[in-house]
Amino acid sequence: MAIALAAAPAAQAGPAPQADPSAVVDATPIAAPTDILGQLEAANDQLKEFGITPFLWPTAAVNCSQVPGTPLGIVPAVAGAAAGPTTPGVGDIALPNPLDPTKPFDLNAVKGGEVFYGFFPAGIVDDSSNKSGMNVGWFNVDTFQGGFVPMGSLTSTIMAPINAQIDALPVQAFRDVARDALAPLEDALDALPQAGARAAIVETGKGTVLSLVMGSVTHSGGTCYFLPTVGIQDVA
């Protein structure tokens, strides 16, 4: 079954991310169908809504689905990546700079030379508070640099670097405007069905990057162990 899943074609990269931070909520599928290919399509739809390019093949875990009637308890999943500068689900975030209009404040979660990795399973209804288990392995073939990075929750991975940059803005009025403008983004992320979803931002440097996502997700019924899935990114 895992071989059959690997043979299924990955979805093509979707259209440009929505400019409205809350738009991604309405477009993301919530229902999880019991057929494997339907679940896989739902997971791929989540990747596309975040502007993430799918990896070369999907992955799966066996005997851990929380959706009744799923054959062999299979949880299909997809992973993908988006090179910066970008903010998944939104696109480019820039705040006008009254001090120098030619240099707007770049508040993107993912900077140039960085890659956002997303992992989305279908068939996990709830999620434990422990978001560890999934990992990203990467290798930049141009710089011969690489490593392994743990993945975490979707909302915190996206919002933590944005909030840190807001705190670093030089004027309190700028910080207030930025927080008000980006509050809908955090609300939209929190409203998404994130059970089992994981994310990471990795500073890979520029070049061609080979990436691998694998590991485990724990839910109330046990732990799902996902086979490796691989992708290639051109990072500018």
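Numbering of residues begins at 1 and proceeds along the displayed sequence.
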With no hydrogens and no angle check, is any side-chain donor or acceptor of [X] less than 3.5 Å from a backbone partner on [Y]?
| X | Y | answer |
| --- | --- | --- |
| Q165 | P161 | yes |
| T229 | W57 | yes |
| Q194 | L189 | yes |
| T87 | A109 | yes |
| D127 | G196 | yes |
| E114 | K111 | yes |
| H219 | C64 | yes |
| R175 | I166 | no |
| Q66 | G123 | no |
| N108 | P85 | no |

Hey, does [Y] have a side-chain heavy atom less than 4.5 Å from the side chain of [X]?
| X | Y | answer |
| --- | --- | --- |
| E41 | D45 | yes |
| V75 | F226 | yes |
| L72 | N63 | no |
| F119 | M134 | yes |
| R198 | L154 | no |
| V209 | V141 | no |
| V213 | P228 | no |
| Q233 | S211 | yes |

Nearest heavy-atom pair of [X] and [Y]: which atoms, and what distance?
| X | Y | answer |
| --- | --- | --- |
| P96 | P104 | CA-CB, 4.5 Å |
| I124 | C224 | CD1-SG, 4.2 Å |
| V125 | A195 | O-CB, 3.4 Å |
| P88 | I158 | CB-CD1, 4.1 Å |
| A77 | P121 | CB-CA, 3.6 Å |

T204 versus N140, side-chain donor and acceptor atoms under 3.5 Å: no
Cut-off 3.5 Å, side chains only: do T223 and T218 have a donor facing an acceptor? yes
Candidate list L185, T86, D106, test side chain to side chain contact (heavy atoms under 4.5 Å, CB included), partner I93, passing option: L185
F120 and N44: CA distance, side-chain angles, deciding distance, side-chain contact (heavy atoms from CB on, under 4.5 Å) verdict: CA-CA 8 Å; F120 296 91; N44 266 317; over 6 Å; no
In Å, rounded to the nearest 0.5 Å, how long is the span from [atom1] of [X] to [atom2] of [Y]?
| X | Y | atom1 | atom2 | answer |
| --- | --- | --- | --- | --- |
| I162 | D167 | CD1 | CG | 12.0 Å |
| L169 | L99 | CG | CG | 10.5 Å |
| Y117 | I201 | OH | CD1 | 11.5 Å |
| N97 | F105 | CG | CZ | 3.5 Å |
| E186 | R179 | CD | CZ | 11.5 Å |
| D190 | T155 | CG | OG1 | 4.5 Å |

Does the ring centre of F116 sit less than 6.0 Å away from the ring centre of F50? no
Among the clusters formed by ILVMFWY side chains lying less than 4.5 Å apart, do M214 and L210 turn up in the same one? no
Step by step, work out the side-chain contact (heavy atoms from CB on, under 4.5 Å) result for L40 and V78. CA-CA 7 Å; L40 190 60; V78 292; 3.6 Å; yes
Evaluate side-chain contact (heavy atoms from CB on, under 4.5 Å) for V230 paired with F55, printing each intermediate quantity in order. CA-CA 6 Å; V230 175; F55 277 3; 5.5 Å; no
Show your reasoning for whether side-chain contact (heavy atoms from CB on, under 4.5 Å) applies to W138 and V115. CA-CA 10 Å; W138 64 278; V115 178; over 6 Å; no
